[in-house]
Protein chains: 2
Amino acid sequence: MNAPTSAEGGPIESTPVGDVTARVAGREIPEATVARLPVYLRALHAMLEHGTVTCSSEELAVAAGVNSAKLRKDLSYLGSYGTRGVGYDVDYLRYQIAREIGVTQDWAVIIVGIGNLGHALANYSGFRTRGFRVVALLDADPALHGRQVAGLPVRPFDDLETVVRDSGVAIGVIATPALAAQDVADRMVAAGVTSILNFAPSVLSVPAGVDVRKVDLSIELQILAYHEQRKGPQPADDAASRLAGEAS
Amino acid sequence: MNAPTSAEGGPIESTPVGDVTARVAGREIPEATVARLPVYLRALHAMLEHGTVTCSSEELAVAAGVNSAKLRKDLSYLGSYGTRGVGYDVDYLRYQIAREIGVTQDWAVIIVGIGNLGHALANYSGFRTRGFRVVALLDADPALHGRQVAGLPVRPFDDLETVVRDSGVAIGVIATPALAAQDVADRMVAAGVTSILNFAPSVLSVPAGVDVRKVDLSIELQILAYHEQRKGPQPADDAASRLAGEAS
DNA sequence: CTCATTTTGTTCTCACGTTCACAAACTCCT
DNA sequence: AGGAGTTTGTGAACGTGAGAACAAAATGAG
Ligand SMILES: NC(=O)c1ccc[n+]([C@@H]2O[C@H](COP(=O)([O-])OP(=O)(O)OC[C@H]3O[C@@H](n4cnc5c(N)ncnc54)[C@H](O)[C@@H]3O)[C@@H](O)[C@H]2O)c1
Ligand SMILES: NC(=O)c1ccc[n+]([C@@H]2O[C@H](COP(=O)([O-])OP(=O)(O)OC[C@H]3O[C@@H](n4cnc5c(N)ncnc54)[C@H](O)[C@@H]3O)[C@@H](O)[C@H]2O)c1
């Protein structure tokens, strides 16, 4: 099996699909392209560290794991930053993509729910290096309050409004149990958060104007399981089917 | 903004796109549908626990956060399990979807890289309740070997081949640093793993026949940042624009 | 039994995304 | 300077996915 890797997680939730054509014109980037820009950005970053100054669409496409025609079309939405017969200036293109995405400056992020996953997220160094800065960790459990995690104190969930107001947080991460996720989202939205990344396995409902993306481990595994099942009737699960005389 | 939530992470990596029409016929489920089936499954599970015996496509669609026409079309790929004028039997439909996905029996899963994220994943209860069973935790760091995490001992990475052979593992989870991810993937594939869930921010290259899905936090955040930036020029980042003297 | 009502399963249409293919534009060599 | 060789940017063809609309099937009332 080999299909085009698209970031996919899938599109943004909500969006009345109304004004698809109603934009300013020329400045509208397809959602599928937006999802791939971060991948290109990462590949360019790696090239820079490797000392590469110039690259062709083919090279970058390979590094990003996509078709080169698709890459060129994606980049064409940003403008004409390449040179025919030569390729792209790595650092220049990197800057242009970063500017388009909006990660030339840091975004303040808060994490709500400092359990197993919240701890890992708080300690994740990839935040800082990619244009995001964790400014607060919130949890409803009083036993956690004041404890330092990744250099930040865990604060009461009721500090939410204060933190959002004082730090101008626009992006909130939900890492609470599923049952609490909708409540947390409601509070976030009311406090002014307009983008949410949800790790809890629940469908969030938010007003228009608020973006929600979800990361769902179970769904990913189940999709893999579906394809695995189709590859061949080797459930590969219980040792019985194998022990009975077969080496995968 | 409010668009249809699709699990998204995006399709499966690789797949020569060759045999799209070359299947047995009638039994081919679109990738977009496959990605939504787990969402329906979860909604049905919640309904069951709530005591709901029957539901209409409209009710289930709301619970799953999708359009009801889309839901019906998705379910029609599995067969005709509903009753016109009545709706769907919740438990029966749940079983049919689970069977189609292949989660009526447990799948053995291994996790490689027991750091911050690996710990969280190992402790994640959602594995077991959704048809997956973590059978081994592997890490290259000798200091971790033998330590118990979530009731399982961390084993040397070199145990990989043994574990895969003995447990019939088909699904591997990569939670190592990006630099090690490709090596780990290669070893997994060589050992017989045919489905990989990759949390490291790197593009994996695997032979045809092996499915790779990636979960990339940075990409999700950057997609949110892109839309956030478009909402209005309020970077909301540095407190400078707001105050120049504020409690983080 | 007949008819109104409900809700599924499917068809049709449109929009979106991917890929091919090629002209335009640039470099380098002679 | 001119021509061969490269590589971008994009027009057009194709395939997939979403949503509206409706016919078919089931229930229940009269
Ligand atoms: N652990 C994983 O690897 C993993 C993977 C995928 C998804 N998830 C999901 O992420 C979420 C968190 O998982 P976890 O393993 O960290 O769970 P956890 O129980 O370890 O942590 C949850 C934390 O949220 C806090 N919390 C509960 N209600 C709250 C509220 N209303 N407001 C603020 N904080 C609240 C709790 O005090 C706790 O600290 C769950 O929904 C889980 O399904 C976890
Ligand atoms: N922590 C997070 O919340 C988070 C979020 C998203 C993505 N990620 C990604 O997940 C990966 C792991 O993150 P982390 O924070 O857990 O890192 P970590 O450094 O805490 O853990 C990495 C673990 O992998 C082990 N390891 C290294 N090389 C190995 C190899 N060749 N074979 C086997 N094991 C090996 C290390 O010993 C270590 O225990 C990273 O790629 C990170 O970018 C992490």
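In what follows, chains carry the letters A, B, and so on, assigned in the order in which the sequence lines appear, proteins first and then strands, with residues in each chain numbered from 1. What you are looking at is a predicted structure, and each value in this text was computed from that prediction instead of being measured.
Close to C:dG9, at under 4.0 Å from its OP1 or OP2, lies a side-chain N or O of B:Tyr88. Between A:Asn67 and C:dC20 there is a side-chain N or O to OP1 or OP2 distance below 4.0 Å. Distances shown here put a side-chain N or O of B:Lys70 below 4.0 Å from the OP1 or OP2 atom of D:dG19. In this model, the phosphate group of C:dT8 is approached by a side-chain N or O of B:Ser57 to a distance below 4.0 Å at OP1 or OP2. An OP1 or OP2 oxygen of D:dA24 is reached within less than 4.0 angstrom by no side-chain nitrogen or oxygen of B:Arg72. Applying the 4.0 Å criterion to OP1 and OP2 of C:dC26, one finds that A:Thr83 has every side-chain N and O outside that range.
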| field | side-chain contact (heavy atoms from CB on, under 4.5 Å) evaluation trace for A:Leu121 with B:Leu217 | value | CA-CA 9 Å; A:Leu121 295 176; B:Leu217 177 57; 3.6 Å; yes

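The nearest whole Å value for the distance from the CG atom in A:Asp89 to the C1' atom in C:dC26 is 15 Å. In this structure, CD of B:Glu59 is placed 14 Å from C1' of C:dT8, rounded to the nearest angstrom. Distance B:Leu75 CG to C:dT10 C1': 13 Å, rounded to the nearest Å.
B:Tyr92 and B:Tyr81 have their aromatic ring centers within a separation under 6.0 angstrom.
Between A:Asp89 and A:Arg94, no side-chain nitrogen of the basic residue sits less than 4.0 Å from a carboxylate oxygen of the acidic one, so the salt-bridge criterion is not met. A salt bridge links B:Glu100 with A:Arg230: at least one charged nitrogen is closer than 4.0 Å to a carboxylate oxygen.
Taking the nucleotide of DNA chain C with the nearest heavy atom to each of B:Ser76 and A:Asp74, the more 5' of the two is matched to B:Ser76.
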